[in-house]
Amino acid sequence: MKSLLTAIAAPLLVLGLALPAAAQGLPDLGGRTIRAVTENAYYPLNFADPKTGEGIGLEYDLINEIATRLNAKVEWNLSAWDVMIEAVRTGQFDVGADGITINAEREEQIDFTAPFITVEQYFLVRADEARITGIQSFKDDTGLLFGAQSGTSAFYTAIYDVLDGDEANPRVKLFDTFGASVQALKSGDVDAVIADQAASAGYIGADPGAFKQVGEPIKSEPLGLILTPGSDLVAPFNAALDAMRADGSLDALIKKWFFDYGQNG
């Protein structure tokens with residue numbers, strides 16, 4: 001992450017917002033409406049503003065900026081995680097965003113954009129937790145439990161990178177949302193969740209003294225936006241992402257949501 005943020009170019013972000021698609025050498029979608037969907041439950045990528053209830057986060061800003069650069073509009077929708085990929089796959093929505101890890105299994109079902117960020121996953125535990133220091137300590141103590149949202153990368157990391165590869169392992173308790181798993185951690189119903197560094201920082205900052213991050217990164221994962229298979233939006237979205245990387249605006253958005261927002265909140 002640090003290397004991503006070494007050359008932030010905020011003035012270029014403002015410039016990019018003002019330039020039409022043709023001026024940036026990007027495809028022009030002619031005012032087309034893009035149906036986007038997210039869950040509003042994955043800080044800081046997509047979540048409800050605690051003051052207004054409005055959906056905010058990196059993925060909101062990212063898709064809105066891509067649409068602006070491509071001369072398109074965005075119609076935002078909400079969906080539960082467990083049906084989101086299928087809804088995009090069948091064309092109910094054009095693009096989905098929910099901190100979705102690019103992997104081979106999903107690539108068989110759905111089209112991805114190029115990665116817009118790579119995140120590292122860590123253990124998030126209660127602040128007074130002394131038993132968990134990393135993968136081996138969790139694996140060895142069979143009384144320790146994970147909390148996870150079914151079908152997410154954190155669930156699969158818990159199963160395949162920490163435990164034994166059995167998706168029915170009773171040491172993983174399932175919850176409807178990531179936030180619910182964190183609340184279960186706080187109440188002592190589970191002993192750890194797996195979260196990226198920004199999500200961990202957000203929960204630690206929002207509830208001082210409740211949580212801490214421990215151990216080395218468990219794994220690194222590239223995140224992308226999902227699109228309907230064969231979508232004509234894949235190439236324009238990737239072109240816009242390339243332009244945002246080149247002018248520094250993608251780094252600026254990452255800095256805004258992964259670092260500045262939590263500090264200012």
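Owing to the predicted nature of the structure, the values given are computational and were not obtained by experimental measurement. All values below come from the heavy atoms of this structure, side chains included, with hydrogens, waters and symmetry mates left out.
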Decide side chain to side chain donor-acceptor pair (under 3.5 Å) for Y160 and D166; before the verdict, give the C-alpha distance in whole Å, the side-chain angles of both, and the deciding distance to 0.1 Å.
CA-CA 8 Å; Y160 291 101; D166 178 4; over 6 Å; no
Over all heavy atoms of both residues, which pair between [X] and [Y] is shortest? Give the atoms and the distance, please.
X	Y	result
A239	L26	O-CD2, 3.5 Å
I34	A72	CD1-CB, 3.8 Å
P44	A199	CD-N, 4.2 Å
Y60	F47	CE1-N, 4.4 Å
G53	A48	O-CB, 3.9 Å
E59	N46	OE1-ND2, 2.8 Å

Between [X] and [Y] (side chain of the first, backbone of the second, donor and acceptor by atom type, cut-off under 3.5 Å), is there such a pair?
X	Y	value
Q149	D176	yes
T38	A97	yes
N103	R106	yes

[X] side chain near [Y] side chain, heavy-atom distance below 4.5 Å:
X	Y	value
L45	L223	yes
L250	L62	yes
L70	D28	no
N169	F146	no
D61	K256	yes
T133	F123	no

So, using side chain to side chain contact (heavy atoms under 4.5 Å, CB included) as the criterion, who are the partners of [X] when residues are at least two apart?
X	value
R32	L29, D232, L233
S153	T101, Q121, E221
E216	none

Separation of [Y] [atom2] from [X] [atom1] (nearest 0.5 Å):
X	Y	atom1	atom2	result
N238	F116	CG	CZ	12.5 Å
K186	S181	NZ	OG	14.0 Å
N77	N40	CG	CG	11.5 Å
R131	S137	CZ	OG	10.0 Å
T177	Y42	OG1	OH	12.5 Å
L58	I117	CG	CD1	6.0 Å

Determine, stepwise, if the pair R69 / D247 fulfils salt bridge (charged side-chain N to carboxylate O under 4.0 Å, His left out).
CA-CA 13 Å; R69 290 174 181 241; D247 68 21; 2.9 Å; yes
When V95 is tested against each of I66, T228, V74, L225 for side-chain contact (heavy atoms from CB on, under 4.5 Å), which residue passes?
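The single option meeting the side-chain contact (heavy atoms from CB on, under 4.5 Å) with V95 is L225.
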According to a 4.5 Å side-chain heavy-atom criterion applied to Ile, Leu, Val, Met, Phe, Trp and Tyr, with indirect links allowed, do [X] and [Y] form part of one hydrophobic cluster?
X	Y	value
V125	V190	no
L145	I194	no
W257	I204	no
V193	V214	no
L144	I218	yes

Who pairs with [X] by side-chain hydrogen bond (donor to acceptor under 3.5 Å, both in side chains), at least two apart in sequence or on another chain?
X	value
Q136	D140
S200	none
D49	none
S220	none

What ring-ring contact (aromatic ring centres under 6.0 Å, His included) pairs are there with at least one residue in residues 183-239, not counting sequence neighbours?
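For residues 183-239, and leaving out neighbouring residues, the ring-ring contact (aromatic ring centres under 6.0 Å, His included) pairs sorted by first residue read F178-Y203.
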Below 4.0 angstrom, N of the basic side chain to O of the carboxylate: do [X] and [Y] qualify?
X	Y	result
D191	R171	no
K173	D189	no
D128	K212	no

For residues 77-97, pull every pair meeting salt bridge (Lys or Arg N to Asp or Glu O under 4.0 Å), keeping only residues two or more places apart or in separate chains.
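Residue pairs passing salt bridge (Lys or Arg N to Asp or Glu O under 4.0 Å), neighbours aside: R35-D94, E86-R89.
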With ILVMFWY side chains joined below 4.5 Å, transitively, what does I110's cluster contain besides itself?
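So far as hydrophobic clustering goes, I110 is joined with V37, W81, M84, I85, V88, F93, I100, I102, F112, I226.
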Who clusters with Y122? Use side-chain heavy atoms, under 4.5 angstrom, across I, L, V, M, F, W and Y, and order the result by chain and number.
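Once heavy-atom contacts under 4.5 Å are chained together, Y122 still belongs with nothing else.
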Only counting residues at least two apart or in another chain, list the ones meeting salt bridge (charged side-chain N to carboxylate O under 4.0 Å, His left out) with D161.
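Expected list: K219.
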Testing the 3.5 Å rule here: is there a donor-acceptor pair between the side chains of Y43 and D196?
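No, because no side-chain N or O of Y43 sits under 3.5 Å from a partner of the opposite role on D196.
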The test is ring pair (Phe, Tyr, Trp, His ring centres under 6.0 Å); show your working for F155 and F175 and say whether it passes.
CA-CA 10 Å; F155 168 78; F175 298 88; over 10 Å; no
